[in-house]
Undergrad: 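Can you read through this structure? Questions will come right after.
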Amino acid sequence: MITAKASGKLYLAGEYAVVEKGNPAIIASVDKYVSVSITKTKNEGTLNSNRFTDSLIHWTRENDKFLIDSRDSQLEFIISAIHCAEIYAKQLGKKLSYYNIDVSSQLDSEDGKKFGLGSSAAVTVATIKALCKFYDLNVDNKIIFKLSALAHLKVQGNGSLGDIAASTYGGIIYYTSPDKNWIINTLKKEPLFNVIHKKWPDLTIQQIRLPIDSKLLIGWTGNPASTSILVEQISYSKSQKAKLYNEFLKKSKQCLELMLEGFLAGNLKLIQEQIKVNRNLLNSLSTFTDVLIETQKLTELCDIATTDNSAAKTSGAGGGDCGIVIAKDDPILIQNIIGKWKEKNIIQLKLNITDWS
Ligand code: PMV
Ligand code: MG
């Protein structure tokens with residue numbers, strides 16, 4: 001039996017802007033995993049998961065028609081990952097075979113609620129990794145990232161793929177997203193193998209660390225929202241509010257570049273300052289697009305955790321889910337925040353940043 005695992009992730013900064021090519025985000029990989037195991041069989045295979053559908057199935061309307069958002073189903077991502085890995089294996093001259101594939105996830109709560117840790121990305125990366133091992137393909141993190149990104153892109157289409165990068169590389173990364181149009185157009189003209197081995201325009205992945213005197217806290221407010229629907233809603237107002245939107249992109253980039261400087265210099269104060277700036281930028285985006293990012297519970301979470309020695313913001317698409325805090329590693333300060341969260345029914349998720357893989 002072959003097994004592989006990929007971690008969950010949390011955005012620390014740069015959300016929404018990172019969806020546009022070349023724009024940065026900082027993303028942490030956390031120690032909750034999706035595992036995939038593969039056992040060779042003859043003539044037919046099975047596919048088994050402890051959680052194919054989310055307990056909450058998101059739906060929207062298209063021309064008044066009720067529509068289930070299939071982008072939230074893990075099965076779609078597993079199938080797409082299998083397709084990509086097998087096309088790549090075949091182009092390398094491997095003979096395809098049959099297998100049983102088992103997927104198990106720690107990324108949801110006991111009652112099946114999503115914590116917003118990026119289960120679709122982790123399931124995609126874990127499936128790609130397991131199949132690359134199964135077919136004995138010589139792959140590094142860059143190739144695993146690109147194969148997983150192609151698989152994810154085919155299902156979701158509108159994400160930055162930053163969660164894929166975090167799941168693949170582990171630790172904390174400074175990430176700028178690739179030009180998705182270039183990827184899609186190149187895929188139309190050339191075999192997948194060539195696309196994987198070309199340089200992807202605008203993509204950068206740089207591994208960074210939090211300063212040693214700091215601590216990452218994660219709070220969960222429940223009420224998970226659908227990231228792909230929120231991203232779509234933001235993109236509706238993109239053309240109508242082009243000036244404000246471009247201003248948001250510019251300021252987010254400046255903020256993330258300063259934050260990167262803070263990470264590289266181990267300067268906690270600079271990181272915290274820019275976390276506060278990024279929170280404000282996301283709130284302004286929310287105002288001019290009329291999309292709710294920082295819910296009332298997330299505002300409580302952030303306000304409680306914002307002090308002279310700590311900075312907080314929503315993590316990811318918002319609309320519920322998690323907020324993050326970058327605090328001075330001071331037990332009294334931290335206990336104080338967690339205690340006040342408890343009074344407001346905000347749950348601390350005890351997750352650690354993973355090592356680089
Ligand atoms: O909601 P999450 O944790 O999956 O994060 C989404 C982050 C966005 O920038 C809003 C979307 C993306 O694909 O990067
Ligand atoms: Mg989310």
Side-chain angles (χ1 to χ4, degrees), residues 6-30 32 34 54 56 58 69 71-72 74 77 107-108 113-125 145 148-149 151-153 155-168 172-180 183 202-203 205 216 218-238 245 248-249 252-253 255-256 278-279 281-283 285-286 289 291-295 298 313-324 349 351:
S7 62
K9 65 86 190 66
L10 277 170
Y11 274 81
L12 302 187
E15 294 89 344
Y16 289 105
V18 68
V19 172
E20 305 289 347
K21 64 177 181 185
N23 277 282
I26 293 180
I27 316 157
S29 142
V30 292
K32 288 271 180 195
V34 168
D54 309 309
L56 279 181
H58 291 274
D69 200 330
R71 294 170 299 191
D72 279 342
Q74 295 210 343
F77 291 97
L107 297 186
D108 310 296
K113 273 196 185 165
K114 289 208 292 183
F115 286 133
L117 297 177
S119 32
S120 63
V123 92
T124 308
V125 174
F145 166 76
S148 308
H152 204 269
L153 200 55
V155 184
Q156 188 178 320
N158 68 2
S160 66
L161 306 167
D163 43 7
I164 297 275
S167 278
T168 306
I172 301 181
I173 54 166
Y174 178 83
Y175 171 82
T176 63
S177 62
D179 181 346
K180 290 195 283 280
I183 300 172
D202 296 309
L203 169 70
I205 301 170
L216 172 69
I218 303 152
W220 188 60
T221 63
N223 298 325
S226 162
T227 296
S228 47
I229 291 176
L230 286 166
V231 170
E232 218 160 69
Q233 286 173 349
I234 296 276
S235 80
Y236 287 147
S237 23
K238 226 164 79 172
Y245 185 72
F248 163 74
L249 291 183
S252 178
K253 191 171 193 172
C255 166
L256 269 284
N278 199 216
R279 180 185 177 197
L281 288 174
L282 287 165
N283 281 337
L285 174 74
S286 170
T289 55
V291 174
L292 182 64
I293 298 173
E294 192 177 297
T295 58
L298 281 167
K313 62 180 278 299
T314 55
S315 170
D321 275 351
C322 296
I324 55 108
L349 297 184
L351 305 171

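When a ligand or atom number is given, it counts from 1 through the structure's own listing order. FYI, the numbering just counts along the sequence from 1.
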Undergrad: May I ask you to check if ligand 1 and D321 share an N or O to N or O distance below 3.5 Å?
TA: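 No - when backbone and side-chain N and O of D321 are compared with those of ligand 1, no distance drops under 3.5 Å.
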Undergrad: Would you say Y16 and ligand 1 have an N/O pair spaced under 3.5 Å apart?
TA: yes
Undergrad: Who pairs with V231 by side-chain contact (heavy atoms from CB on, under 4.5 Å), at least two apart in sequence or on another chain?
TA: Y16, V19, N158, T227
Undergrad: D179: which residues meet the salt bridge (charged side-chain N to carboxylate O under 4.0 Å, His left out) condition with it, sequence neighbours left out?
TA: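 Checked D179 against salt bridge (charged side-chain N to carboxylate O under 4.0 Å, His left out); matches are K21.
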Undergrad: When you compare the side chain of Y11 with that of T314, does any pair of heavy atoms fall below 4.5 Å?
TA: no
Undergrad: Before signing off on this row, confirm whether D163 and ligand 1 have an N or O atom pair separated by under 3.5 Å.
TA: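 Looking only at distances, the answer is no, because the N/O contact criterion of under 3.5 Å is not met.
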Undergrad: Which ligand 1 atoms, with their elements, are less than 4.0 angstrom from a heavy-atom of E15?
TA: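 Near E15, meaning under 4.0 Å from one of its heavy atoms, ligand 1 has 9 (O).
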Undergrad: Identify the heavy atoms of V291 and S286 that sit nearest to each other, and give their distance.
TA: O-OG, 2.7 Å
Undergrad: Are L285 and I234 close enough that some pair of their side-chain heavy atoms sits under 4.5 Å apart?
TA: yes
Undergrad: Check each of A225, G318, S160 against atom 14 (O) of ligand 1 and report the one with the nearest heavy atom.
TA: S160
Undergrad: What pair of heavy atoms forms the shortest contact from T124 to S148, and how long is it?
TA: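 That closest heavy-atom pairing would be CG2-O, 3.5 Å.
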Undergrad: Can you confirm, on distance only, whether ligand 1 has an N/O atom lying under 3.5 Å from any N/O atom belonging to K9?
TA: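 By distance alone, the answer is yes.
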Undergrad: Closest heavy-atom contact between G320 and L298?
TA: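 For G320 versus L298, the nearest heavy atoms are O-CD1, 3.2 Å.
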Undergrad: Between ligand 1 and Q156, is the shortest N or O to N or O distance under 3.5 Å?
TA: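 Q156 vs ligand 1: no N/O contact under 3.5 Å.
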Undergrad: Please list, in number order, the atoms of ligand 1 under 4.0 Å from a heavy atom of G116.
TA: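 Once the distances to G116 are compared, the set is 3 (O).
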Undergrad: Is there a polar contact, in the sense of an N or O pair closer than 3.5 Å, between A317 and ligand 1?
TA: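 Looking only at distances, the answer is yes, because the N/O contact criterion of under 3.5 Å is met.
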Undergrad: Which of the atoms of ligand 1 are close to V18, meaning less than 4.0 Å from one of its heavy atoms?
TA: 9 (O), 14 (O)
Undergrad: Thinking salt bridges, do K313 and E15 make one under a 4.0 Å N-O criterion?
TA: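 Yes, K313 and E15 are salt-bridged.
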Undergrad: Using a 4.0 Å heavy-atom cut-off, which part of L117 comes near ligand 1: side chain, backbone, both, or neither?
TA: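 It is neither; nothing of L117 touches ligand 1.
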Undergrad: So if I count the atoms of ligand 1 from 1 in the order they appear, which ones are less than 4.0 Å from some heavy atom of G159?
TA: 13 (O)
Undergrad: Compare N23, T227, L161 and give the one whose heavy atom is closest to atom 2 (P) of ligand 1.
TA: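 Selected option, by shortest heavy-atom distance: T227.
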Undergrad: Can you measure from CG (L249) to NZ (K238) and round to the nearest 0.5 angstrom?
TA: 8.5 Å
